[in-house]
Amino acid sequence: MRRPVPLLLALLSFLAASVALAQESPDPQGVHPVLVTVDDLPIAVNRLHDAAERERITRDILAVFKKHGIKAVGMVVGRNMDPADGKKLLDMWLDAGQELGNHTYGHLNYTETAIDAYVADAAHGLEVLRAQLAPRGLAPRWFRFPFLCEGNTPEKLDAMRAWLAANAQRNVPVTIDGQDWSFEEPWVTARRANDTARLARLSEDYLRTLQVELLAQTVQGDELFGGRPVPQVLLLHANEVGAAHWDAFFTWMKTRGFRFATSDEVLADAAFAEPHRFVGNYGGGVWSRIEQERRTAKARADVLAALAKQAADWNRGDLAAFCSVYADDATFASPSGVTTGREGALERYRKRYPDRAAMGTLTLEPVDVRTPWGNEVTLLGDAMPGRVTTVTVLAKWSIARTGAAPSAGHTLLVFRRLEGQWKIVQDASF
Ligand SMILES: [Zn+2]
């Protein structure tokens, strides 16, 4: 999620670059196809520029694309077309052979917007883009969520996925987001003040930030998909600071083994077909969404496996093994009171279940499993999903004994990840 802290960001970017390079030394192997996407067309932060500047920026951007043989997708914000020259600028993109996609009309944040209002705004954006493309025999097919917020509830996620499918539109995910937009205001301010020292510093920070993000996400994408060179989708914004730096950035990219590819080639890659139902308040790159889905699924599977092992240990009559999944300082609540510590619990179990006949056969059936997680903030000021450190399980337990009535009840277990293993820290059984 973008946070409006450009000055802080500029200060942090040097630190980020140094730290990230020192920690990861990202050195992706192989040639990586990259789709370039440019958001907030016709011009991001319209109010900063007059008509002549908007046209110059557009011309400069398109000249860089031509020089590097780039076929990009420009994501249009309907309301940014409002100045009289908006349609003319979009025609420049189309005349240059670039493709346009829908970035909604009002650039609303889905996390803060109800489903109906958001869908209506996306439809409005599609309508104005359709009108722009129709005279050329073209039709919109790509969509980009503003702030990369795709839904903070499952209902919102499903509603927009259904709307996209019904309108033959496809979400274009982002893999590389260097927060380039945050440099625009400082850059324009320094350029107008003729502050060459500050411009030089901003240039260095702008390029370094994008380079670090590109390399780090490329390494992460490759790791997620078995080490092959996975295609990337670069997010940039249609602004002056971009127009001034992309020639240098694209030239550097080529020296690091990246090649520019079309939307059709990049989005056909299987990496972009991995299903995920990531739900979060903040947007982010698709790699972190996929990683979070995998982490959550693994945490859930590991905890359920620990529960299955516990039942098997019980049914072998091995109470020590049954209790080994508890943390040393776990607390246990039952109708008879609260016990603290694994040793105390083991002792209690041994008194209460002195032999196999008393233990019977235990069954644990999960009723509700939850894997809460929070957000971490990267050095670039971006929110990313945090690790899953806790899993809660509501389960039904039952014990069958030969010649006696079965007993049953419910248990609420809290698992924590401790020294690489899932351990129960709290257990309330009734
Ligand atoms: Zn945007």
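As the structure lists them, so they are numbered: ligands from 1, and atoms in each ligand from 1.
For the Zn ion (ligand 1), protein N, O or S atoms under 2.8 Å: 3 in total.
Using modelled atom types, no side-chain atom of Thr389 and backbone atom of Arg417 make a donor-acceptor pair closer than 3.5 Å. Checked by atom type and distance alone, the side chain of Asp177 never pairs as donor or acceptor with a backbone atom of Leu235 at under 3.5 Å.
Because its NZ or CZ atom is both nearer than 6.0 Å to the ring centre of Tyr110 and within 45° of the ring axis, Lys156 counts as a cation-pi partner of that residue.
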Asp427 and Tyr326: CA distance, side-chain angles, deciding distance, side-chain hydrogen bond (donor to acceptor under 3.5 Å, both in side chains) verdict: CA-CA 9 Å; Asp427 171 336; Tyr326 288 96; 2.6 Å; yes

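Taking both residues in full, the closest heavy atoms of Asn167 and Arg130 are given as O-NH2, 4.4 Å, listed atom of the first, atom of the second, then distance.
With respect to Lys298 and Asp302, a salt bridge is recorded, a charged nitrogen being found less than 4.0 Å from a carboxylate O.
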